[in-house]
Student: 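My questions all concern the structure below.
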Amino acid sequence: MIQVLPDPTMPDTRVNLFDLDRAGLEDFFENELGEKKFRAHQIMKWIHHRYVTEFADMTDLGKALRAKLEERAKVHVPQVIFDKESADGTQKWLLGMDPENAIETVYIPEKSRGTLCVSSQVGCALNCQFCSTATQGFNRNLTTAEIIGQVWVAARALGNVPHQQRRLTNVVMMGMGEPLMNFENVVRAMSIMRDDLGYGLANKRVTLSTAGMVPMIDQLSEVADVSLAVSLHAPNDELRTELVPLNRKYPIQELMASCVRYAKRKKGTSVTFEYTLMKGVNDQPEHARQLAKLMRQFDNAVQMKDAAKVNLIPFNPFPGTRFERSEEEDIRHFQTLLMQNKVLTMVRRTRGDDIDAACGQLKGQVMDRTRRNAEFRKTLQDNNVPPAA
Ligand code: SAH
């Protein structure tokens, strides 16, 4: 069929429907298009359940409405520059957001679930010393469309696999960026993840991870029902400020207090504390004891057993880092000390490190302002993606 392409000399004012959650779409259909609300629901199903993005293919919408949509709206999905699968089944996509920026999204299959690790920003401004994303600096926030677009690309790709062994059951906002510094877009995208007309994930299966933006943790507790993970990485302020500079602004006691408020407001849910283990830096028995004390204080304040869960992440190296992964024996000893102190503790085993898809290894690719980045250019070339003018 003939497609009418938009005039490239005119600015594109069409609304990207990927930017709107259910409430936004209902508003757009009722107040902008003068249509009934249920049309918004039909569109959501086409986009998020059937992965259809051409209005012409949305057969239960009338011709007149389709024409109106062509004129006023679009469904713009991220461009897949490449995807790679690791020996352990982990899959990573490099997605082009615009001609200058690409970000990474990772799918991690496990026996009983499949988790997608989603990015919220291009780069990151927080400068955590042990994270590879920090080395590229901060470029920009992702839009709601660019965040939910990552879920769309992965869900569609996984949906094509026979027998549905590789399913998407969980989303963690643990990719590149600090999600609470891109609050509105992240909250809207998470609402589409949880909506039955979107990806239908239960509250507990969507997790937001933060380096500790205290005021935004409180705001989050008011507007979204999702699981909270906090990147702690050190049990005292001196060490934490060194590793996570944001700690200077929001020190540990303030951070823990905001987590207590979060857990209390979401009755019966636990908070996960992430702790990256670095050799000789934060992996000594003394650190485990201090951490156990913090976690017990947290359980007491929330008045719930196992309100705090600790996730130990063996450090994943990247080029140029001064840190090393803790010895296996120290990791085990650290976990044992926590468990002896009745702290629920898991060790997150490294997945996908052969394709640089492990925690803290995501860095995406960014052109600098003079459009110099040999690596990005080569990636585009290798994957037959023409660089934009
Ligand atoms: N900014 C958010 C989201 C990023 S989540 C946050 O800080 O929580 C990514 C998780 O991986 C965080 O817990 C982060 O601290 C951890 N991480 C970062 N670099 C790592 C590395 N090199 N090895 C292991 N874990 C790392």
Side-chain angles (χ1 to χ4, degrees), residues 90 92 103-106 108 115-138 141-142 147 150 170-183 185-186 189-190 206-214 216-217 220 226-235 239-247 249-250 255 258-259 262 271-279 281-283 291 309-326 331 334 346-353 356-364:
T90 299
K92 177 170 94 167
I103 57 100
E104 294 179 328
T105 305
V106 177
I108 307 141
T115 304
L116 191 70
C117 183
V118 167
S119 297
S120 57
Q121 299 182 315
V122 185
C124 187
L126 291 184
N127 205 20
C128 297
Q129 293 299 296
F130 50 90
C131 180
S132 139
T133 305
T135 59
Q136 72 171 64
F138 173 70
N141 279 331
L142 295 181
I147 299 167
Q150 299 170 58
N170 292 57
V171 171
V172 292
M173 299 300 304
M174 293 187 188
M176 299 163 60
E178 169 50 46
L180 290 186
M181 290 185 85
N182 184 13
F183 192 80
N185 291 337
V186 166
M190 291 193 306
V206 176
T207 301
L208 182 142
S209 178
T210 177
M213 295 289 300
V214 166
M216 308 318 276
I217 292 175
L220 184 72
V226 293
S227 296
L228 180 67
V230 172
S231 293
L232 197 58
H233 308 305
L239 183 55
R240 189 163 193 270
T241 299
E242 223 176 88
L243 298 173
V244 183
L246 183 68
N247 192 67
K249 201 158 177 195
Y250 305 115
L255 174 58
S258 74
C259 294
Y262 193 91
V271 172
T272 300
F273 293 91
E274 296 156 279
Y275 196 102
T276 299
L277 285 166
M278 289 164 264
K279 189 170 172 176
V281 174
N282 62 353
D283 64 350
L291 180 61
K309 282 191 210 158
V310 171
N311 223 332
L312 298 176
I313 316 170
F315 174 72
N316 293 309
F318 53 90
T321 181
R322 63 189 150 103
F323 298 107
E324 287 172 83
R325 178 177 297 184
S326 299
I331 298 174
F334 200 94
M346 313 278 274
V347 179
R348 200 193 289 165
R349 285 296 153 193
T350 298
R351 301 289 304 268
D353 54 348
D356 286 340
C359 291
Q361 289 186 322
L362 304 186
K363 64 183 180 57

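Just follow the structure's listing: the first ligand is 1, and inside any ligand the first atom is 1.
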Student: Does the S119 side chain pair with the main chain of M176, one donor and one acceptor, at a distance under 3.5 Å?
Tutor: yes
Student: Need the ligand 1 atom indices (1-based, order shown) with element for anything under 4.0 Å from a heavy-atom of E274.
Tutor: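 Close to E274: 10 (C), 12 (C), 13 (O).
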Student: Can you confirm whether V347 sits close enough to P314 that some side-chain heavy atom of one is under 4.5 Å from a side-chain heavy atom of the other?
Tutor: yes
Student: Which is it for T210 and ligand 1 at heavy atoms under 4.0 Å: side chain, backbone, both or neither?
Tutor: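 It is the backbone that gets close, since no side chain atom is under 4.0 Å.
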Student: With a cut-off of 4.0 Å, which atoms of ligand 1 are near a heavy atom of I313?
Tutor: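 The list of qualifying atoms is 24 (C), 25 (N).
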Student: Regarding atom 3 (C) of ligand 1: of the candidates A125, C131, G177, C117, which has the closest heavy atom?
Tutor: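 Going through A125, C131, G177, C117 one by one, G177 has the nearest heavy atom to atom 3 (C) of ligand 1.
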Student: Is the shortest side-chain heavy-atom distance between V172 and C117 below 4.5 Å?
Tutor: yes
Student: Is the contact between F323 and ligand 1 made by the side chain, the backbone, both, or neither, using heavy atoms and a 4.0 Å cut-off?
Tutor: neither
Student: Answer side chain, backbone, both or neither: which part of H233 comes under 4.0 Å from ligand 1, heavy atoms only.
Tutor: side chain
Student: Rounded to the nearest 0.5 Å, how far does CD of E274 lie from CE of M346?
Tutor: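 Here the interatomic distance stands at 13.0 Å.
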Student: Heavy atoms only, cut-off 4.0 Å: how does M174 contact ligand 1, side chain, backbone, both, or neither?
Tutor: both
Student: Please report the interatomic distance CE(M216) to OG(S258), rounded to the nearest 0.5 Å.
Tutor: 12.0 Å
Student: Would you say P317 touches ligand 1, if touching means a heavy atom closer than 4.0 Å?
Tutor: no
Student: Can you list the ligand 1 atoms lying under 4.0 Å from a non-hydrogen atom of G175?
Tutor: 4 (C)
Student: Does some side-chain heavy atom of L180 sit less than 4.5 Å from a side-chain heavy atom of L208?
Tutor: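 Heavy-atom side-chain distance check passes, below 4.5 Å.
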Student: Do the rings of Y275 and F334 sit parallel, tilted or perpendicular, given the 30° and 60° boundaries?
Tutor: tilted
Student: Please determine if N316 has a nitrogen or oxygen closer than 3.5 Å to a nitrogen or oxygen of ligand 1.
Tutor: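 Looking only at distances, the answer is yes, because the N/O contact criterion of under 3.5 Å is met.
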Student: Can you list the atoms of ligand 1 that are under 4.0 Å from a heavy atom of A211?
Tutor: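 By the 4.0 Å cutoff, the relevant atoms are 6 (C), 7 (O), 8 (O).
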Student: Report yes if L126 has an N/O atom closer than 3.5 Å to an N/O atom of ligand 1; otherwise report no.
Tutor: no
Student: Going by heavy atoms in the side chains, are M181 and M213 under 4.5 Å from each other?
Tutor: yes
